[in-house]
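Data block below; observations after.
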Amino acid sequence: MASHQTDSKTTQEQHGLGYELPWLLPALLAGFGIFYFYLSSHSYPSFGAGLYFQIAEHIGENGYALPKTIPGYTADGVPFAYPPLMFYALAVILDVTHLSPFTIARFLPGLVTVAYLVPLYFFVRDLSGSRPQASLATLIVAVSPQILQWHISAGGIVRAPAMLFALTGIYSGLHLFRERDVRWLVPSLIAFSLTILTHPMYTIFFAMSFFLLYVRFDRSLRGFLYGSLVGVGGVVLTAPWWSAVLSMHGSTVFAAAAGTHGGIGGVIPTVKHLFKQQLNEPPFLSVWYMIPAVGCLWLVLKREFFLPAWLFVVVAAIGEPRFVFLVGALVSARFVFDGIARWLKDGALVSLNREKVVTFSVVLLVTVGLSGGTLYATGGLNAHAGSPSLPQFVDDGDVEAMAWAESNTSPSAEFVVLGDAAEWFPQQTDRTILVGPWGVEWKGHSQYRSQLRHFRQLSRCHSSYCLTGRLMEIRVHPDYVYVPKGTYTIRGMQMSQPNTMMATMLSSSQYRLVFENDGVAIFEVADGWHPTTSGPTGPLPT
């Protein structure tokens, strides 16, 4: 790899950014193409970002001061301990543009998802010393479903910028440690600080990757001091945020959230998840799993340990497919060009020159990649469910129902909302949902798991008996219940509401229908209600 790095440095001196564009263009075109298909198939953003916009609006209403609690999500609201950078950016965007949250959540994540391909390309180019490898690795990332679904969807408002900052900092770190060039110290520090202020999981990814670059390329005392300055400096520069959070919520708030979404030590569950996911994928997508695995083995046999070690550490420490497949794309590109292509040229197919073999390999992977990425971005034509990997949490019926709730109920009204539309409900209506896991991770693992379990159980109810029994069991008495009709989702999984739900709700004396359209019914809950004595006994029906 050393010769590649020397060649790369020479070619960088000989050519400017214009020379890089043809190599970067395939990934950019693929990224914009998938973004176009996503917008065409999603009239509303996939997944949820209602809490994020609720935070941004609350920041704007609070004079851009750091809020202590975000109302609307559970009766007491949720602590605001999220890294604040993108919420402040959203607050400014909302104030300046007056665009709707749905519009921003559809467009902004996809644009940043394309943007982070640029630092990724330059990082791989300079790491491998090969523009073709960088082009292929970036293209794989651009079309990988396992990476796309986390960044192009509504939650990508936070995650995609975090990836952009992290990749920029990792690129800077490569030059800081390999060339031992102190000019890269400040860019690394800025990128790390921005990542800390954006998303904790990407901060971990940044820090681990940065340390591995030091171990691979430097290992000197000076390099250790550079890395320490970046790490300690980032913590110091972000102190106004985390110190304010600690003063408002105490020292346990960050530890409370750490165990609610996975975390350190995820190697076994991640491998199980990836294996299970592979079994459920279309056959042509299995290349995403096989090539990095075989490529790692090939690199180890060649005694090149950096990429395999990076991949192993990401799997073991983070356990998130989006990071696993990002590093896996680098392994795949290296294996295709220096493994498969060289073997085909020098061994099995001596009559083919390397350029033709490489072209064939790239075209094959691009075809597979675009097919998989487009499948995940467009999916089915169901307007509510979106695609299997990118479901929409709301549709026109939900928006109409939420507008009715905002206009026709008291500002103090409390709701229980069944299905994933609940995530957007407080932001759209300025009303409170009593059950839901969003933001509750900052209250601790126990409360988060409890809210998640109650939300799932209530959302799976398909009769008034089940709904009333569950509400009584958890001692929640809402003013209204919001019931989806037909197809809806629970934590992204598609469900179908049978006709029995409406029939039993309408016949129950405990619920009074106050709003209905083709997709949603809202019922007012009677005071002093009790589970119906005519319902079945024993386990609660669904």
Side-chain angles (χ1 to χ4, degrees), residues 24-50 52-53 86 90 93 97 99-118 120 138-164 167 199 277 281-282 284-285 288 320-322 325-326 329 365-396 398-399 420-421 423-424 487-489 491-494:
L24 184 55
L25 196 59
L28 296 179
L29 290 177
F32 278 117
I34 290 176
F35 184 34
Y36 170 79
F37 286 123
Y38 168 77
L39 293 176
S40 299
S41 62
H42 289 70
S43 54
Y44 293 94
S46 61
F47 294 116
Y52 292 169
F53 282 96
M86 286 312 300
L90 282 178
I93 293 172
T97 67
L99 292 171
S100 75
F102 289 135
T103 299
I104 298 171
R106 281 182 73 219
F107 283 89
L108 183 58
L111 293 174
V112 182
T113 297
V114 175
Y116 69 56
L117 299 174
V118 176
L120 174 65
T138 309
L139 180 60
I140 293 172
V141 169
V143 301
S144 289
Q146 299 85 356
I147 302 173
L148 270 174
Q149 65 177 355
W150 289 98
H151 298 118
I152 201 172
S153 58
I157 281 179
V158 170
R159 300 186 197 105
M163 181 65 85
L164 175 63
L167 290 174
H199 199 289
Q277 188 175 12
E281 298 285 15
F284 62 83
L285 287 183
W288 249 256
E320 288 285 346
R322 70 194 104 157
F325 283 95
L326 175 71
L365 281 174
V366 169
T367 302
V368 173
L370 285 177
S371 299
T374 302
L375 172 72
Y376 271 67
T378 59
L381 298 178
N382 187 304
H384 192 293
S387 73
S389 66
L390 292 171
Q392 296 175 159
F393 279 7
V394 297
D395 60 13
D396 289 338
D398 291 302
V399 173
D420 287 332
E423 200 280 335
W424 283 100
T487 301
Y488 66 110
T489 61
R491 302 294 285 177
M493 301 300 294
Q494 185 170 305

**OP:** Sort out for me which residue in Ser153, Ser41, Pro45, Ser43 forms a side chain to side chain contact (heavy atoms under 4.5 Å, CB included) with Gln392.
**Re:** Ser43
Subject >> Which atom of Gly50 lies closest to which atom of Glu423, heavy atoms considered >> reply: N-OE1, 2.7 Å
Subject >> Residues that Ser40 engages under side chain to side chain contact (heavy atoms under 4.5 Å, CB included), provided they are two or more places apart >> reply: Tyr36
Subject >> Distance (rounded to the nearest 0.5 Å) between Thr103 OG1 and Leu108 CG >> reply: 11.5 Å
**OP:** Please report the shortest heavy-atom distance between Pro109 and Gly156, naming the atom on each side.
**Re:** CB-C, 3.7 Å
Original post:
Just how far is it from atom CG of Leu117 to atom CG of Leu164, taken to the nearest 0.5 Å?
Top reply: 10.0 Å
Original post:
Looking at residues at least two apart in the chain, or sitting in another chain, which of them share a side chain to side chain contact (heavy atoms under 4.5 Å, CB included) with Leu39?
Top reply: Phe35, Arg106, Phe107
Subject >> Non-neighbouring partners of Ala329 that pass side chain to side chain contact (heavy atoms under 4.5 Å, CB included), sequence neighbours left out >> reply: Ile140, Val141
Original post:
Can you tell me how far OG1 of Thr138 sits from CG of Leu25, rounded to the nearest 0.5 angstrom?
Top reply: 12.0 Å
Subject >> Passing candidate, ring-ring contact (aromatic ring centres under 6.0 Å, His included) with Phe393, options Tyr488, Tyr44, Phe47, Phe102 >> reply: Phe47
Original post:
Looking only at heavy atoms, which two atoms of Ala160 and Tyr116 are closest? And how far apart?
Top reply: O-CD2, 3.8 Å
Original post:
Do side-chain atoms of Gln149 reach the backbone of Leu390 as a donor and acceptor pair under 3.5 angstrom?
Top reply: no
Subject >> Working for side-chain contact (heavy atoms from CB on, under 4.5 Å), residues Asp398 and Trp424 >> reply: CA-CA 10 Å; Asp398 291 302; Trp424 283 100; over 6 Å; no
**OP:** Considering non-hydrogen atoms only, spot the tightest contact between Ala27 and Ala142 and give its length.
**Re:** O-CB, 3.7 Å
Original post:
Under 3.5 Å, is there a donor-acceptor pair between the side chain of Arg159 and the main chain of Trp150?
Top reply: yes
Original post:
Atom CD1 of Ile34 and atom OH of Tyr38: how far apart are they, to the nearest 0.5 Å?
Top reply: 13.0 Å
Subject >> Trace of the side-chain contact (heavy atoms from CB on, under 4.5 Å) decision for Leu167 with Leu326 >> reply: CA-CA 10 Å; Leu167 290 174; Leu326 175 71; 4.0 Å; yes
**OP:** Starting at CD1 of Ile104, measure out to CG of Leu99 and round the result to the nearest 0.5 Å.
**Re:** 5.0 Å
**OP:** Please report the shortest heavy-atom distance between Val143 and Ala30, naming the atom on each side.
**Re:** CG1-CB, 3.8 Å
**OP:** Report yes if some heavy atom in the side chain of Ile157 is under 4.5 Å from a heavy atom in the side chain of Phe53; otherwise report no.
**Re:** yes
Subject >> Spacing of OG1 belonging to Thr487 relative to CG belonging to Asp395, to within rounding of 0.5 Å >> reply: 9.5 Å
